[in-house]
Every structure is written in structure tokens, then in C-alpha cells.
Amino acid sequence: MTTKPAPRTPSRPADRAVVRALLDRQPRTYPEAAGIRLRNTPMPLYQTLVLALLLSARIRAGTAVSAARELFAAGMRDARSMADADWQRRVDALGRGGYRRYDERTATQLGRGAALLLDRYGGDLRRLREAPDPRLALMELPGIGPTGADIFLRDVQGVWPEFAPYVDRKALEGARRLRLPPSPRRLSGLVPDRELPLLADALVHAALDRRLADDVLSAARAA
């Protein structure tokens with residue numbers, strides 16, 4: 001028997017005004033900012049995993065995005081090229097992106113993670129998607145803990161819709177700051193399905209940047 005999805009809770013006009021003001025100010029996801037054209041294919045999925053690893057450290061999100069761009073520009077765009085790159089090459093790319101505090105440890109994690117991904121899944125995260133618990137499988141990769149797994153699943157929910165609505169703890173923190181309902185199901189009713197990853201990432205921006213949140217609330221009140 002096919003189970004019908006639960007109906008979405010009607011949203012308040014004020015909530016929609018807040019979301020529109022937020023998305024006007026944050027029109028790109030983190031993968032888009034890193035130059036990733038996310039599709040359900042091995043290369044962009046792997047690049048999104050790399051970005052999730054970088055974003056999960058205690059470092060500015062802009063620095064993580066810059067470091068990801070440098071890794072990709074240096075040719076480390078998939079699990080094979082990451083595994084084949086020597087450690088110093090990874091360190092140098094991270095350094096050019098400003099990711100210096102964790103560059104040596106992260107370079108090691110990227111290499112080991114790529115090797116494990118190749119060994120276990122042939123370098124294709126679509127095979128990990130078929131695991132009994134994909135989130136747990138992600139956390140078996142070096143450098144990917146609960147935060148990294150949440151970031152990855154938050155951003156791939158548009159191409160892995162079985163995880164939607166995926167609104168993690170940090171995104172819910174942003175929702176509370178913006179006085180939006182701290183409920184993944186209710187938040188998902190504020191945007192079309194295709195915009196769920198964008199909304200989730202924008203809420204993270206609001207959690208990290210109080211001035212942005214205040215600006216959004218002011219703009220929504222004036223709308």
C-alpha cells in the first residue's frame with residue numbers, strides 16, 4: 001500500500017516574508033558558492049562531500065568554500081584524483097584557500113577518505129546511498145562526523161529526495177533566530193521542494209550571522 005505524504009501545515013504570511021527576505025540576501029547554496037553544479041553523479045556528489053568535511057571544522061564558512069575551490073582547481077575533483085594526489089599537494093591547495101589551521105590533518109583525512117570511498121564504493125557515493133543507514137556510512141569516512149554528515153545530507157536532499165526535508169541543528173538554530181517555526185516539515189512548506197537545500201543553507205547563514213538575521217527581520221517587517 002502506498003503511503004501518502006503528510007499534508008504541509010499552512011504557513012503564516014509573515015513567515016513567507018521572512019523566507020523571501022532571507023533568500024534575497026542568500027541566493028546560493030554552499031555548493032554553488034564553491035562552484036559545484038550538484039547532480040546525482042559521482043563527481044559533484046564527491047565534491048559536496050569534500051565541502052562538507054571542510055565546513056564541519058571550526059573555521060569560517062567562507063574559508064572552507066575557498067579551500068574547496070582551490071582543491072578542485074588543482075585537479076582534485078573526484079575520489080580517484082584526490083587519492084592519487086600527494087599529501088603536500090593537498091596541503092598546498094588548502095593553504096591557498098586560507099585553510100591553514102587544519103591543513104595538515106585535513107589533507108590526511110581527504111586522502112584516507114578518498115581511498116576508503118574507492119575501496120568500499122568504487123568512488124561513487126550513489127552506492128553509499130544504498131547503505132542501510134547512509135548517514136552512519138558517511139560517518140565511517142575519515143573526517144566526516146555527525147556535523148559533516150548533516151551538512152552533506154542537507155545539501156544533497158535536492159537530488160536525494162528521500163532525505164527531505166533535511167534541516168539540521170544549525171539550520172534550526174537559524175530558524176529560531178528568524179522567528180520561523182523550528183520544524184523541518186513546517187519549514188519545508190515555506191518554499192518549493194527545489195528550494196529546500198537553498199533555504200536550509202540560508203538558515204545556517206542566519207545562525208552564524210546575527211547582523212544578517214536582523215537585516216532579514218527588518219526587511220520582512222517593511223515588506
Side-chain angles (χ1 to χ4, degrees), residues 1-6 8 28-57 61 64-65 67-69 71-72 76-85 106 109-172 183-185 187-189 191-204:
M1 183 177 69
T2 302
T3 302
K4 293 183 178 180
R8 294 188 175 189
R28 296 191 299 175
T29 63
Y30 284 114
E32 287 170 342
I36 301 167
R37 297 181 63 183
L38 187 52
R39 300 183 302 279
N40 188 34
T41 55
M43 186 177 292
L45 288 172
Y46 177 73
Q47 291 172 1
T48 303
L49 180 70
V50 169
L51 179 61
L53 186 156
L54 298 174
L55 285 167
S56 66
V65 168
R69 281 185 165 275
L71 286 165
F72 306 151
M76 290 168 272
R77 301 186 184 93
D78 57 21
R80 172 57 62 193
S81 56
M82 185 68 76
D84 287 347
T106 302
Q109 291 171 337
L110 288 169
R112 290 177 177 172
L116 181 59
L117 189 62
L118 287 164
D119 180 63
R120 192 170 293 179
Y121 303 107
D124 189 346
L125 283 158
R126 293 174 301 181
R127 292 173 59 182
L128 179 147
R129 180 185 183 183
E130 298 169 0
D133 187 339
R135 186 173 184 274
L136 183 61
L138 284 165
M139 290 192 291
E140 293 174 354
L141 298 171
I144 299 293
T147 299
D150 283 342
I151 293 169
F152 177 80
L153 293 172
R154 185 180 78 213
D155 280 327
V156 303
Q157 63 181 304
V159 294
W160 290 6
E162 67 270 25
F163 293 100
Y166 203 96
V167 185
D168 62 352
R169 179 185 57 81
K170 183 59 72 173
L172 289 174
S183 157
R185 183 171 62 84
L187 288 167
S188 72
V191 292
D193 289 346
R194 68 180 182 277
E195 290 187 353
L196 272 173
L198 177 61
L199 175 60
D201 274 2
L203 289 171
V204 172

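From a predicted model like this one, the values you see are computed outputs, not experimental measurements. Position 1 is the first residue of the sequence; numbering continues from there.
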Report task. Walk me through it: do Ser81 and Asp84 pass the test side chain to side chain donor-acceptor pair (under 3.5 Å)? Result -> CA-CA 5 Å; Ser81 56; Asp84 287 347; over 6 Å; no
Query raised in the report: How far apart are the closest heavy atoms of Leu141 and Gly113, and which atoms are they?
Result: CD2-O, 4.2 Å
Report task. For the residue pair Leu172 and Pro184, establish whether any side-chain heavy-atom pair is separated by less than 4.5 Å. Result -> yes
Query raised in the report: Can you tell me how far CG of Leu71 sits from CG of Leu53, rounded to the nearest 0.5 angstrom?
Result: 10.0 Å
Query - Pairs flagged by salt bridge (Lys or Arg N to Asp or Glu O under 4.0 Å) wherever residues 41-56 is involved - sequence neighbours left out - result: none
Report summary line: residues 32-47 vs salt bridge (Lys or Arg N to Asp or Glu O under 4.0 Å), sequence neighbours excluded, gives none
Report summary line: With sequence neighbours left out, the residues meeting side-chain hydrogen bond (donor to acceptor under 3.5 Å, both in side chains) with Asp119 are none
Query raised in the report: When you measure from the side chain of Arg69 to the backbone N and O of Ala64, does any donor-acceptor pair fall under 3.5 Å?
Result: no
Query - Smallest separation among heavy atoms of Gly143 and Ser56, with atom names - result: O-OG, 4.1 Å
Report task. Measure the CG-CG distance between Leu38 and Leu45 for me, rounded to the nearest 0.5 Å. Result -> 6.0 Å
**Report entry** side-chain contact (heavy atoms from CB on, under 4.5 Å) between Leu199 and Val167, worked out
**Finding:** CA-CA 9 Å; Leu199 175 60; Val167 185; over 6 Å; no
Query raised in the report: Can you name the residues that form a side-chain hydrogen bond (donor to acceptor under 3.5 Å, both in side chains) with Asp201, not counting sequence neighbours?
Result: Arg154
Query raised in the report: Do Asp193 and Pro161 have side chains that get closer than 4.5 Å, going by heavy atoms?
Result: no
Report task. Mind checking the CD-OG spacing from Gln157 to Ser188? Nearest 0.5 Å is all I need. Result -> 9.0 Å
Report task. Search all heavy atoms of Leu118 against all heavy atoms of Ala79 and return the closest pair with its distance. Result -> CD1-O, 3.8 Å
Query - Counterpart residues, side chain to side chain contact (heavy atoms under 4.5 Å, CB included), relative to Ala115 (two or more places apart) - result: none
**Report entry** Distance, nearest 0.5 Å, that separates CD1 of Ile144 from CG of Leu49
**Finding:** 4.5 Å
Report task. Determine the interplanar angle of the Trp160 and Phe163 rings, folded into 0 to 90°, and report it as parallel if under 30°, tilted if 30 to 60°, perpendicular if over 60°. Result -> tilted
Requested in this report: Not counting sequence neighbours, which residues clear side-chain hydrogen bond (donor to acceptor under 3.5 Å, both in side chains) with Arg129? List them please.
Outcome: Glu162
Requested in this report: Would you name the heavy atoms of Leu54 and Ala68 that are closest together and state the gap between them?
Outcome: CD1-N, 3.6 Å
Report task. With the side chain counted from C-beta on, respond yes when Val156 and Tyr166 share a heavy-atom pair under 4.5 Å apart, and no when they do not. Result -> no
Query raised in the report: Between atom CD of Glu130 and atom CG of Leu125, what is the distance when rounded to the nearest 0.5 Å?
Result: 11.5 Å
Query - Over all atoms of both residues, closest heavy-atom pair of Arg77 and Tyr46 - result: O-CD2, 3.8 Å
**Report entry** Non-hydrogen atoms of Leu116 and Glu140 that approach each other most closely
**Finding:** CD2-O, 3.5 Å
Report task. Answer yes when Asp124 and Arg126 have at least one side-chain N-carboxylate O distance shorter than 4.0 Å, and no when they do not. Result -> yes
Report task. Nearest 0.5 Å please: distance from the CD1 atom of Ile151 over to the OH atom of Tyr30. Result -> 8.5 Å
Report task. Verify salt bridge (Lys or Arg N to Asp or Glu O under 4.0 Å) between Asp150 and Arg135, making sure each step is shown before the conclusion. Result -> CA-CA 8 Å; Asp150 283 342; Arg135 186 173 184 274; 3.0 Å; yes
